[in-house]
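Here, residue 1 is the first one in the sequence, and each next residue gets the next number. As the structure lists them, so they are numbered: ligands from 1, and atoms in each ligand from 1.
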Amino acid sequence: MREIRTTCAYCGVGCGIKAEVTGREVAIKGDETHPANLGKLCSKGTHLGETVGLEGRLLYPEAGGKRVTWDKAIDRVAKRFADTIARYGPDSVAFYVSGQLLTEDYYVANKLMKGFIGTGNIDTNSRLCMSSAVAGHIRGFGEDVVPATYADFDEADLIVLVGSNTAWCHPIVYQRIMAARASRGTKLVVVDPRRTETCEEADLHLPLRPGSDVALMNGLLAYCRDKGLLDEGYLEDCVTTPDGFWEKLGEGSDLWSTAAACDLPPADLLAFYELFAANPRTITLFSQGINQSVRGTDQVNAILNVHLATGRIGKPGAAPFSITGQPNAMGGREVGGLASTLAAHMDFAPENVETVRRFWAAPRMASKPGLKAVDLFRQVREGRVKALWIMATNPAVSLPDAGLVREALAACPFVVVSDCIADTDTGRFAHVKLPAAGWGEKDGTVTNSERLISRQRALFPLAGEARPDWWIITQVAQAMGWTEAFAYDRPADIYREHARLSTYQNGGKRLFDIGHHAVISNPAYDAMTPFRWGGEGDKAPFANGRFSTPDGKARLVAVEQMAIEAPLAKFPMTLNTGRYRDQWHTMTRTGLSPKLSQHRREPLVEIHPADAVALEIQADDLVQVSTPAGDSVFRALLSEGQRRGEVFTPIHWTDRQSTGGRTGRLPRPLVDPVSGQPGFKSTPARLEKLAPEWRGFVIARDIPDEIPAAYATKVRVAAGWLVEVAGDGDPAVLAKAVLPKGERIETIDQARGGMRVAVLEDGQLIAALFVTRSGRTPSREWLIEQLSAAGMASSIELLAGRPATPQADRGPIVCVCFDVGMKTIVEAIATQQLVSVDAVGKALSAGTNCGSCRPAIQRLIGETKEAAHA
Ligand code: SF4
């Protein structure tokens with residue numbers, strides 16, 4: 001057994017992991033020495049070990065659907081890119097990369113495209129996640145710098161979470177916030193149209209109208225001015241205020257107008273303002289609810305304006321804090337992996353282009369920004385981009401209007417996909433597939449949301465013929481003729497060059513400067529412990545009041561609340577999209593974990609109960625969600641947490657797992673005019689209840705790719721799969737297609753039009769299908785257990801879907817670490833009169849390991865108490 005310290009594969013919190021590796025197995029623990037998490041891990045990080053197997057991996061290069069050697073694959077990619085550039089110019093090719101790449105991978109991809117191919121056409125899926133934060137930082141600070149760290153939560157008196165379901169999307173940060181509340185009574189305000197589990201502990205929840213964040217922040221700024229809370233000295237010395245800024249702000253920013261614009265009770269708004277006024281140590285943490293908007297950059301600057309004008313920046317416990325979604329979105333920003341940035345936090349100003357050209361000895365420097373993600377795929381579809389290399393991402397699922405993206409990929413003359421997964425929705429369009437190293441095989445560095453650079457270390461040897469992304473990119477670059485410029489032997493070589501570029505002719509112009517690592521030795525790189533860039537010594541960035549602008553001053557940016565799109569007659573509702581607690585992106589990795597799949601087994605559309613009544617929708621009905629871009633089918637979940645007229649769907653399900661739940665088909669390809677980030681959070685939508693003739697589920701050790709049912713969504717369970725199905729016609733067609741050969745027992749329920757089939761092998765259940773036209777289907781849990789149970793259930797039990805001796809129904813799993821269900825928790829709360837999450841933990845262990853379910857337990861305590869008093 002070897003112990004290796006590395007970092008988590010998932011979110012921008014960037015937790016440190018202690019991996020105990022035995023062969024291809026790994027036991028995952030939190031690294032107590034890592035500053036980001038101090039030993040804690042959330043449910044996703046805790047269960048990483050379940051996702052490192054070789055199932056589904058792409059293990060050798062393929063061209064035209066056939067296995068080829070690496071030499072052939074590299075040669076083919078290099079030739080097609082070189083030929084396309086020769087015939088149509090550099091702008092006819094593009095890379096679309098990912099926040100999953102390590103910084104060293106990102107660096108060489110950016111260098112190849114911007115310095116040698118000679119176009120800015122490299123963009124990243126981070127465009128979808130935080131490019132508005134990047135653009136806002138550059139407008140306000142002159143550089144893309146996050147001026148906060150997690151330690152600031154320990155010193156803040158007020159934390160404002162804006163557009164962030166922190167409890168689900170950044171659980172370890174949420175736990176740190178909860179710890180600060182417990183130890184020093186930090187106040188918490190959550191600004192989010194939805195009442196999520198993040199609101200459970202909040203002092204105040206502001207469920208504002210989607211897209212009204214500029215009005216909210218401008219109203220707060222106007223209140224601060226009126227109450228004399230501005231830091232006049234700081235504004236004078238450290239901030240440039242545009243002419244007419246305050247006059248413009250005054251228009252419509254009074255309390256009543258702001259409350260009307262945000263659709264909030266004036267008293268709640270005032271309560272927020274007063275909390276802000278009373279607590280100068282304020283952290284405003286914002287995430288996708290702010291960024292993923294067609295006004296994202298303005299929304300970011302509205303937040304930065306408030307912090308700059310009140311001097312709440314560069315001090316302990318006081319800063320705006322953009323938190324990223326992906327593990328290395330920040331590393332990508334540092335190398336310039338966005339089409340709109342050049343390298344090492346430089347933009348495309350002529351002097352920067354010249355600096356980078358000189359440093360790289362670049363033969364053909366890009367002199368202007370390239371195509372941002374949505375425009376890039378538009379140009380692919382229109383035939384202007386003719387060769388596209390997609391690395392470690394799945395745009396056929398994740399980009400808005402995924403139908404058009406698929407058309408673009410189908411029309412593109414040459415598509416290369418490098419990925420560790422063999423079969424992705426995007427990979428199906430590839431002419432060449434290149435097997436990339438998986439998380440457990442990669443070696444390099446990542447940067448988390450708080451500017452902390454950590455080592456990611458390989459746990460296992462490379463699988464099959466998989467290779468690290470940096471190696472693949474540099475091999476292609478060398479095959480294109482740039483042998484010397486891409487002659488790296490190891491990630492440390494690339495890292496040293498990246499560090500040198502960060503300091504080259506910098507002279508204090510940019511805070512991103514890791515020049516002290518320009519000559520780091522290979523052993524020192526291998527042994528590197530996490531370190532943070534930015535700020536002098538232990539001080540926060542901008543602590544000295546100097547910013548990365550030519551005059552050293554930050555800038556207030558005049559931003560106005562734009563009119564919010566009125567509901568359309570055909571699409572009267574508004575769709576919001578986001579993540580589930582235990583899933584990650586398109587589930588290529590988390591989908592492998594049966595534990596993680598327990599939390600949500602289907603893609604659900606969350607609807608306010610009053611809207612559901614109006615639409616004659618009941619809980620668990622199948623509902624078609626339609627938007628101007630497309631439609632997909634979801635299971636209905638009625639939720640008081642939704643605002644009236646607004647619905648929510650998760651982003652994770654793809655064509656690989658599902659015929660329904662395809663949120664990627666729904667958002668329109670509308671983007672923020674400054675950042676190019678798509679608006680995923682408010683799409684006009686219509687809901688219609690579907691009435692399939694039958695519905696039910698299949699449980700099986702193996703399941704075919706094609707499932708002949710109008711609705712089919714599959715997830716991993718222990719020892720197999722669970723597929724929820726619904727459809728029309730004869731369900732026997734489904735049974736024939738999905739059930740394996742074996743000893744078959746079945747029953748037909750003529751009265752309710754149902755069918756129950758169990759398939760056995762050596763007396764052991766290997767598959768079961770339960771469908772009904774009008775009756776109920778049994779709980780899935782006991783049948784799932786039978787796939788791997790040691791004993792044999794009787795035929796009667798199997799066809800009943802439950803044991804002869806009734807078992808307690810645990811309900812949906814809340815705590816995945818200890819398999820504790822909702823009904824078990826509610827019963828314990830009620831019968832044992834438990835009033836705190838810790839008390840529930842003592843009674844049931846729930847919430848005592850990773851802690852991701854603690855907000856859910858808190859909610860159940862509240863609901864149970866309410867029910868008891870009803
Ligand atoms: Fe990984 Fe969870 Fe930490 Fe994010 S919060 S880095 S998913 S362990």
Side-chain angles (χ1 to χ4, degrees), residues 5-19 26-52 99-100 102 126 129-130 146 149-150 153 161 164-179 197-198 285 287-288 321-331 438-440 442 445-457 459 530 578-593 595-597 599-600 650-652 815-817 847 849-856:
R5 285 177 202 263
T6 184
T7 44
C8 178
Y10 299 116
C11 82
V13 178
C15 295
I17 277 176
K18 234 168 35 184
V26 60
I28 300 284
K29 291 186 179 148
D31 178 355
E32 64 287 338
T33 66
H34 198 284
N37 56 317
L38 306 170
K40 291 179 187 299
L41 292 176
C42 79
S43 49
K44 290 188 285 290
T46 301
H47 295 97
L48 252 171
E50 287 182 38
T51 69
V52 295
Q100 299 281 324
L102 304 186
S126 300
C129 166
M130 41 85 252
V146 174
T149 72
Y150 304 148
F153 294 124
L161 306 179
S164 164
N165 185 2
T166 321
W168 278 22
C169 302
H170 299 100
I172 297 303
V173 159
Y174 184 75
Q175 288 184 30
R176 191 146 182 175
I177 294 170
M178 289 303 104
E197 282 183 5
T198 299
L285 181 134
S287 186
Q288 315 308 27
F321 195 163
S322 149
I323 190 160
T324 56
Q326 297 204 75
N328 196 33
M330 292 284 276
W439 166 77
K442 288 168 81 115
T445 55
V446 291
T447 309
N448 75 356
S449 292
E450 49 162 2
R451 293 169 283 109
L452 193 76
I453 296 181
S454 300
R455 285 280 278 112
Q456 187 172 313
R457 296 184 173 90
L459 311 180
R579 294 182 194 279
Y580 278 164
R581 187 189 80 189
D582 291 350
Q583 292 298 346
W584 178 255
H585 283 195
T586 57
M587 293 165 70
T588 48
R589 195 163 31 215
T590 45
L592 297 170
S593 164
K595 281 270 188 193
L596 294 178
S597 296
H599 178 239
R600 287 283 185 276
I651 61 171
H652 309 290
C815 171
V816 297
C817 295
N849 186 36
C850 76
S852 294
C853 62
R854 290 176 70 87

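If you number the atoms of ligand 1 from 1 as listed, the ones under 4.0 Å from a heavy atom of Pro171 come out as 5 (S).
Lys18 has a carboxylate O that lies under 4.0 Å from a charged side-chain N of Glu32, or vice versa, which qualifies the two as a salt bridge.
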Problem set entry | Evaluation steps, side-chain contact (heavy atoms from CB on, under 4.5 Å), between Val816 and Arg581 | CA-CA 11 Å; Val816 297; Arg581 187 189 80 189; 3.9 Å; yes

For this session: Would you check, one step at a time, whether the test side-chain contact (heavy atoms from CB on, under 4.5 Å) holds for Phe321 with Tyr150?
Result: CA-CA 9 Å; Phe321 195 163; Tyr150 304 148; 3.6 Å; yes

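Listing protein N, O or S atoms at distances below 2.8 Å from atom 1 (Fe) of ligand 1, with waters left out, gives Cys8 SG.
With a 6.0 Å radius and a threshold of 12 heavy atoms from other residues, nucleotides or ligands, Lys40 has its NZ atom at or below the threshold.
Aromatic ring pairs are classed by plane angle as parallel below 30°, tilted from 30° to 60° and perpendicular above 60°; the pair Tyr580 and His599 is perpendicular.
Of the N and O atoms on the side chains of Thr324 and Ser449, at least one donor lies less than 3.5 Å from an acceptor on the other residue.
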